[in-house]
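Chain letters run A, B, ... following the sequence lines, proteins first and then strands; every chain starts at 1.
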Amino acid sequence: MTSNPVSRVRTWGSVTVIVVTVLAILVLTLTDAHWVPWVSAIVVASLGFAAVSFVVNLRYPDASEAAWDEMNQRAHRASLAFGYWAALTYFMIALAAVLLDRLDAGMAFFWLGPILGLAPALHFLTSVARGHAE
Amino acid sequence: MSDALIVHLKAHRTAAGLTQAALADAIGVSRKTINTIENGVFTPSTRLALQLAEELDCSVHDLFALPDD
């Protein structure tokens, strides 16, 4: 694990967002749980991650520069591109499901948010695990 | 032609008596970036290659070379 505080926050923040989002998707798909607490959990995890990242980047400018060097920026851009294709793929699947009356249009739109948040974080963590980012 | 580069960064870095972390700190990148450049996983931009060469007091051609074929 890196000693760079900005990279550590980025990695553990991504892990937290992924775990909370996947958990919410599983619970809301497999049970009759109310959606409000789980959506709130995703929002709190995401905003908390953003807030802590903002503070740590300001607090450690040298570490921030290293954590956002060109290798990490390249991995970050690749993760955003992956997020775009994941959202487009999800849209086409959800569109088919809506047209076949297998999914409510409102729910299809609702899940686009978690997919957009989840996919880039997952891709970036994969880059970290493969040694292509820190 | 292969897009892989021949990288001599590690030899020049060790000759200069620098660790990966020290070189990374000197040019403002992460230690992992130096590691991936040395292992051929990441190809640096022209700007970063020039920074590395300047820090190690050599030319970019000393650090990187194209394969023969």
Rounding to 0.5 Å, atoms CG (B/N35) and CE (A/M71) come to a distance of 8.5 Å
Counting only heavy atoms not in A/F91, do more than 12 fall under 6.0 Å of its CZ?
no
So does B/E54 have more than 12 non-hydrogen atoms from other groups sitting under 6.0 Å from CD?
no
Quiz item: Do B/F42 and B/I6 belong together in a cluster built from hydrophobic side chains that touch within less than 4.5 Å?
Solution: no
Practice prompt. Kindly say whether B/S30 contributes a backbone atom to a donor-acceptor pair with the side chain of A/E134 at under 3.5 angstrom?
Written response: no
Applying a strict 4.5 Å limit to non-hydrogen atoms, the region of B/V29 in contact with chain A is both
CZ (A/R130) and OG1 (B/T36) are apart, to the nearest 0.5 Å, by 12.0 Å
dist A/R74:CZ -> B/T43:OG1 (nearest 0.5 Å) comes out at 7.0 Å
- Hey, quick one: are A/Y90 and A/W35 part of the same hydrophobic cluster, counting side-chain heavy atoms closer than 4.5 Å, chains of contacts allowed? yes
- Query: Should B/L5 and B/L52 be regarded as members of a common hydrophobic cluster, given that ILVMFWY residues are connected when their side-chain heavy atoms come within less than 4.5 Å of each other, either directly or indirectly?
  - Reply: yes
Under 4.5 Å to a heavy atom of chain A? For B/S45 that would be both
Separation between OG1 (B/T33) and CG (A/N72), nearest 0.5 Å, reads 5.5 Å
Inset, instruction - Using the rule that two of Ile, Leu, Val, Met, Phe, Trp, Tyr join whenever any of their side-chain heavy atoms come within less than 4.5 Å, decide whether A/I18 and A/V9 are in one cluster. - result: no
So, the part of A/A133 with a heavy atom under 4.5 Å from chain B: the answer is backbone
